[in-house]
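So that the names make sense, note that chain A is the first sequence line, chain B the second, and so on, each numbered from 1. Since the structure is predicted, the reported quantities are computational estimates derived from the model, not experimental observations.
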Protein chains: 2
Amino acid sequence: MKPLFALCALAIIAAAAPAAAQKEPDYVTPGSVVEAAAQKEWNAIPAQDLLVMDLAPDARGNPRRVIIQLMPQPFSQPWVENIRTLARAHWWDGTSVNRVQDNYVAQWGDATEEKPLPDGVESPNASYESGLRGDALPPDVPYAFQVDPDRPSPAMVDGFPVFRGPGPRDYAGFLGGIPFAGTMTPHSSVIWPVHCYGYIGVGRNVAPDTGTGAELYAIIGQPQRHMDRNLAVVGRVIEGMEHLASLPRGHGELGFYTEEEADLRTPIVSVRLASDMAEPPAFEYLDTTSDSFARYVAVRANRDDSFYTVPAGGADLCSVQVPIRRTAPE
Amino acid sequence: MKPLFALCALAIIAAAAPAAAQKEPDYVTPGSVVEAAAQKEWNAIPAQDLLVMDLAPDARGNPRRVIIQLMPQPFSQPWVENIRTLARAHWWDGTSVNRVQDNYVAQWGDATEEKPLPDGVESPNASYESGLRGDALPPDVPYAFQVDPDRPSPAMVDGFPVFRGPGPRDYAGFLGGIPFAGTMTPHSSVIWPVHCYGYIGVGRNVAPDTGTGAELYAIIGQPQRHMDRNLAVVGRVIEGMEHLASLPRGHGELGFYTEEEADLRTPIVSVRLASDMAEPPAFEYLDTTSDSFARYVAVRANRDDSFYTVPAGGADLCSVQVPIRRTAPE
């Protein structure tokens with residue numbers, strides 16, 4: 001196998017091997033920074049924030065498990081509660097992935113649209129934004145990127161670009177491990193979670209409908225900023241994204257499978273909260289206020305090794321994937 | 001079928017129907033702008049810039065044709081010439097897609113790495129950037145976005161954000177239908193094509209190797225700015241992207257198929273230049289200096305219809321997909 005992109009992989013392998021057993025690599029990669037992070041820099045993801053979706057096995061009989069982290073506070077709370085209720089009611093069991101539009105979304109739910117929802121699951125009259133008090137960045141967001149040219153970014157994320165909203169004091173960053181964008185006013189600010197690859201949102205009818213959470217989609221291509229603040233972002237796939245992204249595309253309107261393609265719908269066997277499982281999976285994420293995360297962002301924005309010789313000087317908010325790893329075996 | 005995302009589709013359908021036959025929709029979408037563009041705003045893509053790759057039929061026997069537009073001047077010329085030579089030599093016939101890494105690339109070429117290259121096909125000693133003279137934007141790039149805060153963007157693309165390179169006078173825009181980024185110095189500028197979803201680059205070994213073009217990859221996820229100027233961008237998929245993006249992911253290092261998964265490699269039946277075909281496909285793209293393209297960008301950055309009610313105020317360079325359409329039937 002030709003060593004295309006090979007040195008970056010070597011760096012990860014080198015960092016994963018016992019440190020005393022070999023020479024330190026003379027370059028740093030995002031992977032080596034993550035491997036070197038201290039255990040205290042990792043935060044556990046609560047089991048009630050983990051959703052485990054088992055699709056029917058693939059044509060070769062291989063299992064297809066997709067694990068989703070639900071958005072923590074302060075993001076998207078009413079829909080997240082609906083999703084927990086739906087999972088506890090086993091509502092998705094027997095439904096299917098019905099829409100796969102290339103470079104856009106894979107979407108699942110009840111294809112018949114006749115399945116009754118559990119009591120209390122309604123389209124919430126809620127905002128896609130979260131309000132924060134004060135005229136500064138949230139105190140636990142030291143690495144937010146300030147888009148306002150009069151307030152330059154912290155040196156750490158100099159050139160960390162990427163989001164520019166409609167107002168003059170817009171910013172973007174990470175809060176509790178979640179990438180967000182926001183706008184500041186003199187005495188308060190609002191923030192919202194952004195759509196990135198693998199992130200989960202709530203399908204809905206035309207506004208003012210906000211969706212219930214029974215119909216969900218995952219981003220399988222270039223994230224689109226016009227979806228932010230118009231649809232509820234409720235989670236992200238943290239394992240098994242390939243099982244959604246590699247599904248055959250639909251050829252009906254908006255990528256829905258046509259009636260002739262109805263057999264391409266992928267059956268959903270079950271969806272459960274990890275907190276309701278006998279042998280739950282467990283994960284942790286790299287604290288986005290940690291020194292290692294800051295270093296990870298800087299290295300990602302300025303690759304400098306034997307393969308990448310011209311640093312970009314910046315990275316898209318969505319390309320800075322928050323490191324997440326298993327703490328319980330599969 | 002539930003009308004999720006339905007009104008935007010209705011707008012496209014309405015615009016595509018005979019104008020006299022029905023009421024004008026009272027909102028504008030990117031699709032309706034493209035449908036309304038005048039024929040003189042479309043430019044033909046030369047047949048020698050079209051590469052037609054036929055993969056083996058899928059498991060159901062459906063054909064899988066991928067059509068690639070090769071980069072026009074001034075982008076990536078030595079590699080593009082190599083690719084034409086390889087296609088004329090039928091070099092890819094019998095090779096395969098060997099690597100599919102989720103949220104990154106699908107890559108194809110000779111899995112054995114022993115197939116001799118045609119005469120003259122070598123790794124060029126060339127730059128990934130193109131130099132331009134003068135201290136202004138290229139004259140035919142009226143819609144470039146100026147990142148320098150001292151030189152505000154044209155009103156048309158106010159808030160059209162997205163690229164921020166290492167220098168203070170960086171910009172991004174479209175030249176000849178191709179999205180690019182660039183840096184200006186007092187008396188000249190350099191520009192380079194950027195990696196977007198569906199764009200094709202040249203696999204290579206570690207620098208200073210630049211690759212020949214025999215090993216190619218397509219972006220199948222979030223585009224990564226650190227790839228720009230470190231790898232040659234030589235084209236983009238303009239039809240059939242789903243046949244690459246929906247392939248099963250590889251589980252070897254970097255997403256290569258392992259030996260146990262070798263049967264997942266997708267055979268390439270043939271790769272031909274359209275100019276060498278008896279019945280060539282033909283395409284045209286919306287002139288990126290046209291009024292309709294300007295309107296398309298503005299509408300994409302500020303969706304305002306019954307579905308999208310909060311305008312983003314900007315769009316990523318890569319999310320402004322240049323409209324391309326067939327002019328010869330399939």
**OP:** Return the option, out of B:Ile220, B:Thr112, B:Asp58, B:Asp263, with the maximum number of heavy-atom pairs under 4.5 Å with chain A.
**Re:** B:Asp263
Original post:
Could you state the interatomic distance from CE (B:Met227) to OG (A:Ser319), rounded to the nearest 0.5 Å?
Top reply: 11.5 Å
**OP:** For chain B, find which of A:Cys196, A:Gly252, A:Pro223 contributes the most heavy-atom pairs closer than 4.5 angstrom.
**Re:** A:Pro223
**OP:** Using modelled atom types only, decide if a donor and an acceptor are shared between the side chain of B:Asn230 and the backbone of A:Tyr308 within a distance under 3.5 Å.
**Re:** no
Original post:
How long is the gap from CD on A:Gln101 to CD on B:Glu242, to the nearest 0.5 Å?
Top reply: 11.0 Å
Original post:
Is the closest side-chain heavy-atom distance between B:Asn103 and A:Gln321 below 4.5 Å?
Top reply: yes
**OP:** Please tell me if the side chains of A:Leu264 and B:Arg60 come closer than 4.5 Å, counting only heavy atoms from C-beta onward.
**Re:** yes
Original post:
Side chains of A:Asp209 and B:Phe307: closer than 4.5 Å at any heavy-atom pair?
Top reply: no
Subject >> Atom pair CG/NE2 of B:Asn62 and A:His251 - distance to nearest 0.5 Å >> reply: 8.5 Å
Subject >> Euclidean distance, B:Tyr197 OH relative to A:Tyr197 OH, rounded to 0.5 Å >> reply: 8.0 Å
**OP:** Heavy atoms only, distances under 4.5 angstrom: which of B:Ala207, B:Pro248, B:Ala245 has the most pairs with chain A? Name it, please.
**Re:** B:Ala245
Original post:
Has the side chain of A:Arg300 got a donor or acceptor atom that lies under 3.5 Å from a matching backbone atom of B:His226?
Top reply: no
Original post:
Taking only residues two or more places apart in sequence or in another chain, which ones pass salt bridge (Lys or Arg N to Asp or Glu O under 4.0 Å) with B:Asp102?
Top reply: B:Arg249
